[in-house]
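Heads up, the thing below is written out as structure tokens.
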Amino acid sequence: VPVHYAGVSCEMDKIMAIAQRHNLYVIEDAAQGVNAKYNDKYLGTIGDLGAYSFHETKNYICGEGGALIINNEKFIERAEIIREKGTNRKKFIRGLVDKYTWVDIGSSYLLSDLLAAYLYAQLESMKKITSMRRRVWEYYYNNLKPLEEKGYLNLPQIPNNIIQNYHMFYIILPTNKIRDELIQKLKENGIQAVFHYVPLHLSPMGKKFGYKKGDFPISEDLSSRLLRLPFYNTLKKNEQKKVIQILKKLLLNY
Ligand SMILES: Cc1ncc(COP(=O)(O)O)c(C=O)c1O
């Protein structure tokens, strides 16, 4: 289950080759990767299944909602049943059975038509939304690049063979202490900045499965130093400037 974090694709060629070698299915978590590409292919369309999110925190939203992309035909029929409360109603609608009935597990996963309409308008404005987000992303990137060159922080890396969707802007700070101090300083200035995720193996459920601190040292290290900067379509340059100033002041005086 590769996660296309920040709408930046995982190395899908390598992942698909590993999956093929070991006879595994690949489910892309493309929750953050709608409208982004890897080698000219949309994220979510490369593995057997792909999942999109239209949650209010994403690029194209309807409050709560998502989509399942099915690339492996063997999963289509069951997905339709699960979506229809565990019934074969879809077959009935197509005239393939004379009545519909309960055949499997399921729930009521249909998006309401009002939410679908809200989402559709945004999908129609995809280009505009992407260009607004690109402006915010590039302003952070260009203005923070000199700090990266001097070794004060690390910026997102976007490989040449991918197209990102400007989902978020994160930075990696030198230490956990600096990251936490920066969150505090921003907060004192009325700016909310968050980090995520807590590595799953350190969550209560992860621990229940027997994992412990030290099992995934790279995840633990990066998650302790990562910070997401404020990011939304209409964020203004002077607001971004303020975030950057606070960041610079803290890092240069450290
Ligand atoms: C990487 C990732 N996976 C899954 C999800 C879940 O998406 P949703 O809230 O639409 O179920 C999210 C969104 O929070 C996400 O960022």
Side-chain angles (χ1 to χ4, degrees), residues 1-12 15-16 19 25-38 41-71 75 79 82-85 105-123 126 129-130 133 136-137 156-159 162-172 192-206 209 211 216 218-220 222-233 235:
V1 184
V3 179
H4 300 303
Y5 184 76
V8 177
S9 177
C10 298
E11 267 300 340
M12 289 311 291
I15 289 168
M16 295 310 289
Y25 293 119
V26 174
I27 304 170
E28 296 177 70
D29 180 340
Q32 303 181 1
V34 180
N35 198 29
K37 285 181 169 177
Y38 172 83
K41 283 192 192 142
Y42 283 105
L43 303 190
T45 69
I46 305 165
D48 295 279
L49 298 164
Y52 288 160
S53 171
F54 303 121
H55 181 254
E56 53 115 350
T57 51
K58 302 301 186 297
N59 292 24
Y60 319 104
I61 62 175
C62 63
E64 283 285 4
L68 177 68
I69 311 298
I70 303 173
N71 304 310
F75 293 121
I82 291 171
R83 180 176 63 174
E84 278 284 16
K85 298 164 273 289
I105 56 164
S107 190
S108 195
Y109 288 114
L110 289 170
L111 190 64
S112 87
D113 40 10
L114 290 179
L115 292 185
Y118 187 87
L119 177 65
Y120 190 65
Q122 298 201 25
L123 298 182
M126 245 176 175
I129 292 170
T130 307
R133 299 185 78 86
V136 175
W137 197 95
Q157 288 182 28
I158 315 296
I162 72 123
I163 294 175
Q164 65 149 328
N165 61 1
Y166 308 99
H167 174 58
M168 72 163 92
F169 197 91
Y170 66 85
I171 54 175
I172 308 284
Q192 189 195 28
V194 295
F195 62 86
H196 74 180
Y197 295 101
V198 173
L200 289 182
H201 69 288
L202 301 181
S203 68
M205 197 65 196
F209 281 124
Y211 293 102
F216 298 95
I218 295 172
S219 295
E220 289 170 26
L222 285 173
S223 77
S224 75
R225 296 189 289 123
L226 184 145
L227 185 65
R228 293 178 67 169
L229 301 183
F231 198 113
Y232 49 90
N233 300 355
L235 188 62

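Both ligands and their constituent atoms are indexed starting at 1 by order of listing. For this chain, numbers begin at 1 and follow the sequence in order.
- Checked against a 3.5 angstrom limit, the closest N/O atoms of Tyr197 and ligand 1 fall inside it.
- The minimum heavy-atom distance between Asn165 and Gly7, with the atom names listed, is OD1-CA, 3.4 Å.
- Counting atoms of ligand 1 from 1 in the listed order, those under 4.0 Å from a heavy atom of Ser53 are 7 (O), 8 (P), 10 (O).
- At least one protein heavy atom sits closer than 4.0 Å to atom 14 (O) of ligand 1.
- In this structure, Arg228 contributes its side chain and Met168 its backbone to no donor-acceptor pair below 3.5 Å.
- The atoms of ligand 1 that sit less than 4.0 Å from any heavy atom of Gly65 are 10 (O).
- Numbered from 1 in the order shown, with element, the atoms of ligand 1 that lie under 4.0 Å from a heavy atom of Ala31 read 2 (C), 3 (N), 4 (C), 5 (C), 12 (C), 15 (C).
- Considering only non-hydrogen atoms, atom 12 (C) of ligand 1 lies nearest to Lys58 out of His4, Lys58, His167.
- Below 4.0 Å from some heavy atom of Val3 lie the following atoms of ligand 1, by number and element: 1 (C).
- Within the 4.0 angstrom cut-off, atom 6 (C) of ligand 1 has no protein heavy-atom neighbours.
- Using a 4.0 Å cut-off between heavy atoms, Tyr52 makes no contact with ligand 1 at all.
- In terms of modelled atom types and a separation under 3.5 Å, the side chain of His4 and the main chain of Cys10 share a donor-acceptor contact.
- The single protein non-hydrogen atom nearest to atom 3 (N) of ligand 1 is Asp29 OD2, 2.7 Å, given as residue, atom name and distance.
- In this structure, Tyr42 places its OH atom where only 12 or fewer heavy-atom neighbours from other residues, nucleotides or ligands lie under 6.0 Å away.
- Not a single heavy atom of Thr57 sits less than 4.0 Å from an atom of ligand 1.
- In terms of heavy-atom proximity, Ser53 sits nearest to Val34 at O-CG2, 4.2 Å.
- Screening Tyr197, Phe195, Tyr5 against Tyr170 for a ring pair (Phe, Tyr, Trp, His ring centres under 6.0 Å) leaves a single residue, Tyr5.
- Looking at Glu64, its side chain never comes within 3.5 Å of a backbone N or O of His55 through a donor-acceptor pair.
- The backbone N or O of Lys58 lies less than 3.5 Å from no partner atom in the side chain of Gln32, so there is not a single donor-acceptor pair.
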